Each structure stands twice: as C-alpha cells, then as structure tokens.
K.L.:
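Structure in structure tokens, see below.
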Amino acid sequence: MNNFESFHLAENASVVSPALPGKKSKEILAFQQEREGSIVSYPRNMPIAINRAKGAVIEDADGNLFLDFFSGAGVLNVGHCNAFVLEYVKEQQEKLVHALDFPTENRTDLVRKIFEQIPEKIRDEFKVSFCGPTGSDAVEAAIKLAKHKTGREGVIAFHGSYHGMTSGALSVTSNVKLRSRISSLVPNISFIPYSYCYRCPFNKEAASCKLDCADYLRYVLENPHSGFGKPAAIILEPIQGEGGTVIPRPGFLEKIVAIARAHDIVVIFDEIQCGFFRTGNFWAFEDAHTFPDIITMSKGLGGIGFPISAIIYNKSVESWGPGDHIGTFRGNQVSIAAGNGAFEFIRNFDVAQHTIEMGAYLMNRLEQLKATFPCIGEVRGKGLMIGIEYVTDRTSKTPAPEMVKKIRELCFSRGLLFEVGGHYNNVIRFLPPLIINKVIINNAMEIFESANREVMAQPAEVYQA
Ligand SMILES: Cc1ncc(COP(=O)(O)O)c(C=O)c1O
C-alpha cells in the first residue's frame with residue numbers, strides 16, 4: 001500500500017513561533033486587513049499567512065507547519081501541489097491556457113474521464129457542460145437548465161443546504177444569517193427537511209424510521225394547501241457539507257428521486273464538495289441505486305486547486321441552445337489538464353481504495369475518542385468526509401458551538417487545521433487530502449485528542465454560549 005510519504009512536506013505539525021500568528025504572518029495579515037475588504041473570512045479563524053504547501057502540510061510565513069485537514073474547503077483531494085499533477089499543469093501552460101469552449105484533446109480527455117464514471121448502460125444518455133470557474137457557477141447553470149426545460153420557476157432545497165454565494169446559489173442555501181441581508185433573492189424557493197438522523201425533524205429513532213423526511217416531499221407536492229406550486233427542480237447534496245457532514249439514511253436519495261420523477265421535477269445532485277473521490281467513490285451518491293438528472297461538480301475536479309466547474313446532465317433536460325448560457329471562462333485549459341492529472345494520479349495510485357481505508361482508520365480513532373468524551377454526540381463519515389458533532393450532553397443534544405470553537409483554537413495553536421460547520425456551528429469537519437497516511441492521522445489525532453481532553457476537563461457550563 002502506498003503511504004504517499006514523498007507527496008507531503010512533512011508528516012507532523014511543528015509550531016516554532018512563540019505565539020501564533022508568528023511575526024511575519026502578523027505583518028502580512030495586518031496588510032490584508034488594511035487593504036482587502038471585510039469579506040476576507042478564513043484567516044479570521046486560522047490567522048496565518050501561507051508560504052507554501054505540499055500534500056497535507058502547510059508552511060506559514062514563519063516556518064510553522066500545519067496539518068491541513070481542511071484542504072482549501074475540500075478542494076485539494078490529491079494534496080497541495082501534487083508533483084504528479086504539476087507535470088500535467090506545466091506541460092499545458094506552455095501550450096495553451098485560454099481557449100473559450102473550443103475543443104482540444106486536453107478537454108476531450110477530461111470529458112472522456114468523466115463519462116467513464118457514468119454506468120455504461122446509461123452513459124449515452126448524458127452530456128457535460130463546463131460552466132464558469134466556481135461551484136456556484138455550476139449551481140446557477142443547473143438551476144437555469146431545469147427552468148429552461150420545465151418552463152417553471154420554483155426550486156425546492158433542503159434545511160442545512162449550502163450551494164454557494166451567487167444570487168441563485170444563495171437562494172437555495174438555507175443559512176438564514178447569510179440570506180437575511182439580501183431582500184432580492186430568487187423567488188419561489190422552498191426548504192424541506194433533509195435526512196438528518198441525529199436531529200430527526202420528525203423525532204424518529206432508527207427503528208421507527210420510515211423516511212418520513214423523504215415522504216414530506218410527496219406531501220408538499222400533492223397537498224393543494226402546501227403553499228407552493230410545482231417547482232422546476234429539487235436540489236440537494238448527496239452528503240451535506242457545510243450543513244455539518246450530514247449523511248442521509250440509505251433509501252433517502254432514491255425516494256427523493258422517485259417522488260420528483262413522478263411529478264416531472266428535475267433532480268439536481270450537488271456533488272461539488274462530496275464528489276471527486278472524497279467518499280472513496282467518484283460521486284457520493286453512487287451507493288444509492290439512483291441517478292439524478294443533473295450533477296454539479298467543481299472543487300476536486302481542478303486537480304490541485306485550479307478553478308473549474310461542470311454540470312453532467314441527462315440529454316432529456318437539454319433544452320437550451322448555443323449561446324443560451326455563454327461565458328468567457330468555461331473550462332480553462334490548465335484547470336482541465338490538472339483535472340486530467342488528478343484522474344490519472346487517482347487511478348495509478350488507487351487513491352479511491354486508500355481513501356476508504358484511511359477513512360475507516362480515522363473514523364475508528366474518532367469512535368474511540370467518542371467513547372471517552374461524552375460531549376461528542378456523533379461521529380459520522382464516509383471516506384474522508386467526516387463530521388464530529390459536539391453537544392453539552394448526549395441526552396439533551398444541546399449544541400456546543402463554544403466548545404468546538406475552543407477545540408479549534410487549541411488545535412490551531414498546536415498545528416492542526418480544520419473547518420467547522422453544522423446548523424449550530426457545533427460540528428468539526430475533517431476534509432483532509434485523500435493521500436493522508438496513518439502517520440499523519442496519528443499525529444493529527446494526538447493534537448486533536450489533547451485539545452479535546454483539555455476542553456472536556458472543564459465543566460460543560462463553561463462552554464455554554
Ligand atoms: C456543496 C457545495 N455547493 C456549492 C458550493 C459553492 O462553490 P464555490 O464556493 O466554488 O462557489 C460549495 C462550496 O463550498 C459547496 O460545498
């Protein structure tokens with residue numbers, strides 16, 4: 001088995017500055033704060049200026065090394081500056097960078113590779129379109145295509161959803177705070193419950209669950225007093241990311257698709273975060289025996305962080321023509337080459353299997369931690385998309401965001417980076433590069449365990465918001 005040692009800058013964290021941020025980082029951060037707008041977000045919780053990064057390790061401007069369990073928001077599936085992928089990038093950038101949507105062999109290659117992931121018997125039913133460079137662009141394109149196809153306006157999205165920040169994408173994103181300052185979001189959007197079993201909106205236990213959450217879709221579609229008319233589309237993440245790494249119960253996705261199909265509604269699966277081998281499968285929905293009408297992709301598709309996005313969709317929804325969704329940057333040639341490199345790397349080194357094995361190893365370590373720390377309410381994950389939900393106690397399940405904040409601060413000060421999400425900001429989210437190995441996991445877990453131990457030594461009231 002490959003341990004990918006040479007693909008990482010180091011395998012352990014090393015904080016050499018007397019305090020973080022270190023001196024150089026502090027200066028660069030101060031400049032950023034002075035000159036850049038207040039929307040700068042990530043350095044607020046992880047205050048470092050980055051010098052370089054390789055694999056799962058980031059070196060800041062002061063020479064501190066951080067284990068990166070965040071991967072640039074789930075982008076760097078094959079690791080920072082992966083040398084194998086960089087070869088593809090170097091070759092392409094000498095040859096051709098920008099070519100609008102003219103075909104090239106490079107582009108054809110990536111399209112072929114994506115198509116190889118569609119089951120052979122339905123492969124010919126599908127098409128791919130490259131969208132603008134970001135995930136939100138793919139979401140916008142998917143929604144627009146569904147509207148084109150159906151001639152209808154509305155979209156159904158889910159509690160806990162995150163689909164991006166552009167107007168349409170934000171309109172189908174559930175975070176009330178993010179939405180509240182914009183009065184002109186796209187109208188006719190409705191939110192319904194996702195399959196979030198730890199906090200079941202229908203108060204069901206596993207034994208009594210009959211997927212009422214999915215049936216709720218049928219209920220609102222068929223009830224003349226539900227308050228909304230037939231929508232163009234339904235959009236959902238096969239595993240919710242920002243919503244707290246929420247993995248739906250088996251059968252949920254299938255049921256949603258079946259109900260939507262029965263009502264002639266276009267189904268969009270947003271695979272922007274959970275796709276591109278993050279779960280060990282190319283698409284996170286693969287274990288569900290169903291296939292949506294449109295799939296959105298971005299993040300990992302650009303190999304090592306080159307921006308690109310695409311929609312893969314059934315020909316039956318193709319209702320627009322040349323120029324109906326035009327754009328300057330749709331399928332940058334270097335991003336495409338990086339995507340091709342990432343596909344080859346994943347195939348050559350069997351990264352999908354590695355992801356499953358490392359995911360199981362990390363989940364096992366976290367389950368052990370849960371056995372000792374009662375404030376860990378649930379550990380859930382698939383492949384290397386893992387969430388750890390914190391509560392003040394397992395009976396009340398009261399969310400513990402302050403505890404999570406403190407654990408994150410301690411981990412940061414010891415050299416471990418990760419993101420936080422969830423409905424109540426009480427879920428620690430691990431999205432490490434898929435090429436992490438057991439040594440890196442063990443080192444990260446040492447930091448994580450010590451931070452948990454320190455925080456849990458305090459009475460729970462200390463961390464009540
Ligand atoms: C599931 C999902 N959809 C869409 C997006 C938006 O992608 P971008 O930030 O590239 O616009 C994200 C970003 O985190 C995401 O996680």
Side-chain angles (χ1 to χ4, degrees), residues 39-42 45 69-77 130-146 155 157-175 178-179 185-186 189 191 194-196 233-248 253 267-279 281-285 292 294-312 327 329-332 335 338-339 382-387 418-423 425 427 429-431:
I39 52 169
V40 166
S41 127
Y42 296 109
N45 292 316
F69 272 39
F70 178 41
S71 302
V75 166
L76 302 153
N77 292 8
F130 291 102
C131 312
T134 72
S136 300
D137 292 314
V139 170
E140 296 290 345
I143 292 174
K144 190 169 168 186
L145 182 56
V155 182
F158 285 83
H159 302 163
S161 60
Y162 184 85
H163 298 290
M165 282 291 115
T166 51
S167 185
L170 178 58
S171 299
V172 289
T173 291
S174 64
N175 187 317
L178 294 175
R179 304 164 56 86
L185 288 175
V186 174
I189 310 291
F191 292 90
Y194 194 76
S195 172
Y196 184 5
I234 178 155
I235 183 166
L236 66 159
E237 298 152 84
I239 294 180
Q240 286 189 334
E242 306 305 307
T245 314
V246 180
I247 303 171
L253 297 175
V267 180
I268 303 167
F269 279 180
D270 182 345
E271 286 269 346
I272 287 166
Q273 185 170 136
C274 58
F276 209 79
F277 304 101
R278 170 61 49 199
T279 61
N281 287 333
F282 180 64
W283 284 312
F285 71 81
I294 307 178
I295 301 163
T296 57
M297 294 198 77
S298 184
K299 295 202 190 255
L301 188 62
I304 48 175
F306 286 91
I308 189 169
S309 85
I311 53 172
I312 296 100
F329 294 111
R330 291 184 301 158
N332 172 276
S335 304
K382 191 160 188 206
L384 284 166
M385 185 164 185
I386 293 174
F418 52 76
E419 186 52 305
V420 165
H423 293 208
N425 281 324
V427 180
R429 306 192 54 231
F430 284 170
L431 291 166

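First listed ligand is number 1; within each ligand, the first listed atom is number 1. Fair warning: this is a prediction, and the values are worked out from it, not measured in the lab.
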K.L.:
Using a 4.0 Å cut-off on heavy atoms, what residues surround ligand 1? Order them by chain and number.
P.N.:
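If the criterion is a heavy atom under 4.0 Å, then ligand 1 touches Thr134, Gly135, Ser136, Tyr162, His163, Gly164, Glu237, Asp270, Ile272, Gln273, Lys299.
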K.L.:
Once side-chain hydrogen bond (donor to acceptor under 3.5 Å, both in side chains) is applied, do any residues pair with Ser167, and if so which ones, sequence neighbours excluded?
P.N.:
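By the side-chain hydrogen bond (donor to acceptor under 3.5 Å, both in side chains) rule, Ser167 matches no residue at all.
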K.L.:
Does Ala310 have any side-chain contact (heavy atoms from CB on, under 4.5 Å) partners at least two apart in sequence or in another chain, and if so, which?
P.N.:
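By the side-chain contact (heavy atoms from CB on, under 4.5 Å) rule, Ala310 matches Val128, Phe130, Leu301.
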K.L.:
Tell me if the centroids of the rings in Phe69 and Phe418 come within less than 6.0 Å of each other.
P.N.:
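Distance test on ring centres: not under 6.0 Å, no.
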K.L.:
Search all heavy atoms of Leu431 against all heavy atoms of Arg278 and return the closest pair with its distance.
P.N.:
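Of all heavy-atom pairs spanning Leu431 and Arg278, the closest is C-NH1, 3.4 Å.
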K.L.:
Asn425: which residues meet the side-chain contact (heavy atoms from CB on, under 4.5 Å) condition with it, sequence neighbours left out?
P.N.:
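side-chain contact (heavy atoms from CB on, under 4.5 Å) list for Asn425, sorted by chain: Pro401, Val420.
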K.L.:
Would Phe282 and Phe276 count as a ring pair (Phe, Tyr, Trp, His ring centres under 6.0 Å) here? Give the steps.
P.N.:
CA-CA 5 Å; Phe282 180 64; Phe276 209 79; 5.8 Å; yes
